K.L.:
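Structure in structure tokens, see below.
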Amino acid sequence: MHISIPITQDLVDNLGGRYVLYSVYLEGFLLFKVRYKDLHFWNEQMYDIFGKRLPKFPPKYYLAMTESMAEERRVTLEQYLQGVVSDSVISGSDVFITGLKKFQLETFKLPCIKVVLKVYLPDGRQVNVDSKTSDSAERVLEAALYTLNVSRELVEYFGLFITHKDSEGAYSVVKKIAPFEIPFITIWHINDDSYQIDIRKWYTTPTTDAMLMGCGGAIDLLYAQAVQELEMNWSRPTEQQTEMLKELIKAENKVKFLETMQQVEHYSYQKLNPGVTDYPNCNTVATVSMGNNEMYCSLQTSDNRTEIISVHVSKMTRCHVPLHQPENTMDQQECKLCFIDGQVPKLISIRTKQAFLLSKWIKKMLSEQPLPCVKENLEIQDNITSSNILSRNPKKIDVACGIKDPIYTSLRECDSSDLYDDNQ
């Protein structure tokens, strides 16, 4: 997960005292705004339970802060929050979730009341979930899946996502909602009817379907998503497979349909909206799909040439989205991908509105691999903040890619500014 504090405000309270209000963003979306003293109290509550497991919290200053001191505190708070949300034990605890709910409700000035939250399925069906404005995504997902007769043991295979349909009906996945987030606040703050909350499967390996085939409710969800992705051309069946799948849809044979989809190219791949890269030329259109241990990137150049880059997840050594926040939440972010081609490290940067989602899906693929050493190389990028990036020696880019003293041949020239320009 990517936590950042890109915005601070110097304010004055009712008694004339000055304070700083920190705007905390999670993967490009405002999570909450908070004062230092409230974070300090929250940290003390968590410290009573977790002790030194918690990251280091920035100390109090009893004199007025200089500009450099204020920046140091902002960066240290960013590091602290990044460490806290990255620890599933801490972020899943009652003390963490209670404090987070308080900050979010106060930020958006919402009371804790009962609501009916609309959650959608891939085929457009709607599930009305009786919940509260303060219910976490984990609780909302469990309630929705219970309504759909999905076994409680299978909850981990699904997730809540923010999705979008544009004026022409084009569908895209915008963001996965973290288990500790409050879905009602997330969708309410977007305040746009073209966005909604969907239930979608949360794994990338197609053969994982087999683990869910004993549950009728889970089969319904997998079938609905598979049909949707087939209709959107996310999967790529042959002509013969297409005819067979049409017959199975007509016969409503969901199990056979899902078994047949296992043989279809790009089944279960998650396709992003077209982004922009500068390889092989400036402003090349890049369409990325991820699934089945692969990142598949189709590049369309200005002279209408098509080039394909296919990278197995085991060859990926770095996936990094700089921790900054554009003025508009929906603006493009940059995702920097470092991978090994033969024996040569390569770098490609893709500018897309779904950069955080791209990073999350790649790391999800990696987490499903029996390769703990590669997993560590990639996941460590979540802990990079604007401070320790600037403090790194730019010459040590070999450490970031896990290669000793490489000679870089890149999709475009790979230098220190490519990898560590987070505050530009």
Side-chain angles (χ1 to χ4, degrees), residues 118-127 129 137 140-151 153-166 169-177 183 195-237 241-242 244-273 287-294 296 354 357-358 360-361 364-365 368:
K118 297 178 181 178
V119 178
Y120 294 85
L121 308 187
D123 58 6
R125 284 179 291 163
Q126 176 182 310
V127 178
V129 179
V140 171
L141 177 62
E142 289 176 352
L145 292 177
Y146 177 81
T147 301
L148 296 168
N149 298 315
V150 175
S151 171
E153 290 74 23
L154 301 179
V155 171
E156 65 180 285
Y157 294 101
F158 297 94
L160 295 181
F161 295 80
I162 299 295
T163 64
H164 175 250
K165 276 190 178 180
D166 65 20
Y171 177 93
S172 61
V173 179
V174 177
K175 146 185 181 63
K176 182 182 184 295
I177 304 176
Y195 292 83
Q196 63 186 34
I197 300 172
D198 283 13
I199 297 178
R200 301 180 65 80
K201 63 184 182 183
W202 179 228
Y203 56 88
T204 67
T205 307
T207 53
T208 303
D209 283 3
M211 302 186 66
L212 288 73
M213 298 305 285
C215 175
I219 291 173
D220 287 342
L221 277 174
L222 297 182
Y223 174 78
Q225 184 169 333
V227 170
Q228 179 203 39
E229 293 173 359
L230 180 66
E231 293 173 346
M232 296 189 301
N233 298 319
W234 286 17
S235 50
R236 309 192 308 186
Q241 288 173 333
T242 299
M244 183 183 301
L245 292 168
K246 286 181 179 178
E247 291 299 320
L248 292 171
I249 291 174
K250 187 181 299 183
E252 297 186 353
N253 191 335
K254 299 178 182 180
V255 173
K256 184 63 176 176
F257 177 89
L258 290 170
E259 291 174 350
T260 304
M261 286 298 294
Q262 291 287 328
Q263 309 304 318
V264 173
E265 185 180 17
H266 284 196
Y267 168 58
S268 201
Y269 279 50
Q270 299 304 300
K271 189 174 182 179
L272 304 187
N273 293 337
T287 303
V288 179
S289 298
M290 297 156 295
N292 200 23
N293 309 323
E294 175 193 32
Y296 181 92
Q354 296 164 292
L357 186 65
L358 171 58
K360 185 176 285 289
W361 274 111
K364 182 62 176 176
M365 284 196 297
E368 296 173 358

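Positions are given from 1, in the same order as the sequence printed here. Predicted model, so just to flag it, every value in this text is computed and none were measured.
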K.L.:
Do K201 and L221 have side-chain heavy atoms sitting under 4.5 Å apart?
P.N.:
no

K.L.:
Can you tell me which residue among V227, L248, N253, L222 is in a side chain to side chain contact (heavy atoms under 4.5 Å, CB included) with L258?
P.N.:
L222

K.L.:
Which distance, rounded to the nearest 0.5 Å, do you find between the OH of Y223 and the CG of L230?
P.N.:
10.0 Å

K.L.:
Can you give me the closest heavy-atom contact between N233 and K271, atom names plus distance?
P.N.:
O-NZ, 4.0 Å

K.L.:
Who passes side-chain hydrogen bond (donor to acceptor under 3.5 Å, both in side chains) against N293, sequence neighbours left out?
P.N.:
Q369

K.L.:
Restricting to non-hydrogen atoms, name the atom on P122 and the atom on I199 that form the minimum distance, rounded to 0.1 Å.
P.N.:
CD-O, 3.5 Å

K.L.:
With a 4.5 Å limit on heavy-atom distance, are the side chains of K364 and E368 in contact?
P.N.:
yes

K.L.:
Heavy-atom distance under 4.5 Å between the side chains of D198 and V119, does that happen here?
P.N.:
no

K.L.:
Just verifying a value: how many Å separate T260 OG1 and M244 CE, rounded to the nearest 0.5 Å?
P.N.:
6.0 Å

K.L.:
Identify the two heavy atoms, one from S268 and one from P206, that lie closest to each other, and give their separation to 0.1 Å.
P.N.:
CB-CG, 4.0 Å

K.L.:
Would a 4.5 Å heavy-atom cut-off, applied to side chains only, mark Q270 and E229 as touching?
P.N.:
yes

K.L.:
Nearest 0.5 Å, what's the CD1-CD1 distance between I162 and I177?
P.N.:
4.0 Å

K.L.:
After noting the C-alpha distance and the side-chain angles of N149 and D220, does the key distance pass the side chain to side chain contact (heavy atoms under 4.5 Å, CB included) rule?
P.N.:
CA-CA 10 Å; N149 298 315; D220 287 342; over 6 Å; no

K.L.:
Once side-chain contact (heavy atoms from CB on, under 4.5 Å) is applied, do any residues pair with Q126, and if so which ones, sequence neighbours excluded?
P.N.:
K118, Y120, N128

K.L.:
Is there side-chain contact between L148 and F158, with heavy atoms separated by less than 4.5 Å?
P.N.:
no

K.L.:
Rounded to the nearest 0.5 Å, what separates atom CG in L141 from atom CG in L160?
P.N.:
4.5 Å

K.L.:
How close do G159 and K176 get, counting heavy atoms only, and between which atoms?
P.N.:
CA-CE, 4.4 Å

K.L.:
About how many Å separate OG of S289 and OH of Y296, when rounded to the nearest 0.5 Å?
P.N.:
8.0 Å

K.L.:
Can you see which heavy atom on P237 is nearest to which on L245, and at what distance?
P.N.:
CB-CD1, 4.1 Å

K.L.:
Using only atom types and a distance under 3.5 Å, with no angle test, would you say the side chain of D123 pairs donor to acceptor with the backbone of R125?
P.N.:
yes

K.L.:
So I219 and F257, do their side chains get closer than 4.5 Å, heavy atoms only?
P.N.:
no

K.L.:
Under 4.5 Å between any side-chain heavy atoms of R200 and Q228, yes or no?
P.N.:
yes

K.L.:
Looking only at the side chains, is there a donor atom on one of Y203 and D209 sitting less than 3.5 Å from an acceptor on the other?
P.N.:
yes

K.L.:
Tell me, yes or no, whether the heavy-atom count around M211 atom CE, taken from other residues, nucleotides or ligands under 6.0 Å, exceeds 12.
P.N.:
no

K.L.:
Backbone N or O of Q263 within a donor-acceptor pair of the Q241 side chain at under 3.5 Å?
P.N.:
yes

K.L.:
Ignoring hydrogens and angles, tell me if any N or O in the side chain of T147 forms a donor-acceptor pair with the backbone of A143 under 3.5 Å.
P.N.:
yes

K.L.:
Could you go step by step and tell me if Y267 and Q262 meet the side chain to side chain contact (heavy atoms under 4.5 Å, CB included) rule?
P.N.:
CA-CA 7 Å; Y267 168 58; Q262 291 287 328; 3.7 Å; yes

K.L.:
Would you kindly say whether Q354 and S172 are connected by a side-chain donor-acceptor distance under 3.5 Å?
P.N.:
no

K.L.:
Taking side chain as C-beta onward, heavy atoms only, is Y269 less than 4.5 Å from E294?
P.N.:
yes

K.L.:
After noting the C-alpha distance and the side-chain angles of M290 and L272, does the key distance pass the side chain to side chain contact (heavy atoms under 4.5 Å, CB included) rule?
P.N.:
CA-CA 9 Å; M290 297 156 295; L272 304 187; 3.9 Å; yes

K.L.:
Please walk me through it: do Q196 and T163 pass side chain to side chain contact (heavy atoms under 4.5 Å, CB included)?
P.N.:
CA-CA 6 Å; Q196 63 186 34; T163 64; 3.3 Å; yes

K.L.:
To the closest 0.5 Å, what do you measure between NZ (K165) and OH (Y171)?
P.N.:
8.0 Å

K.L.:
Among E247, E252, K246, whose side chain to side chain contact (heavy atoms under 4.5 Å, CB included) with K250 holds?
P.N.:
E247

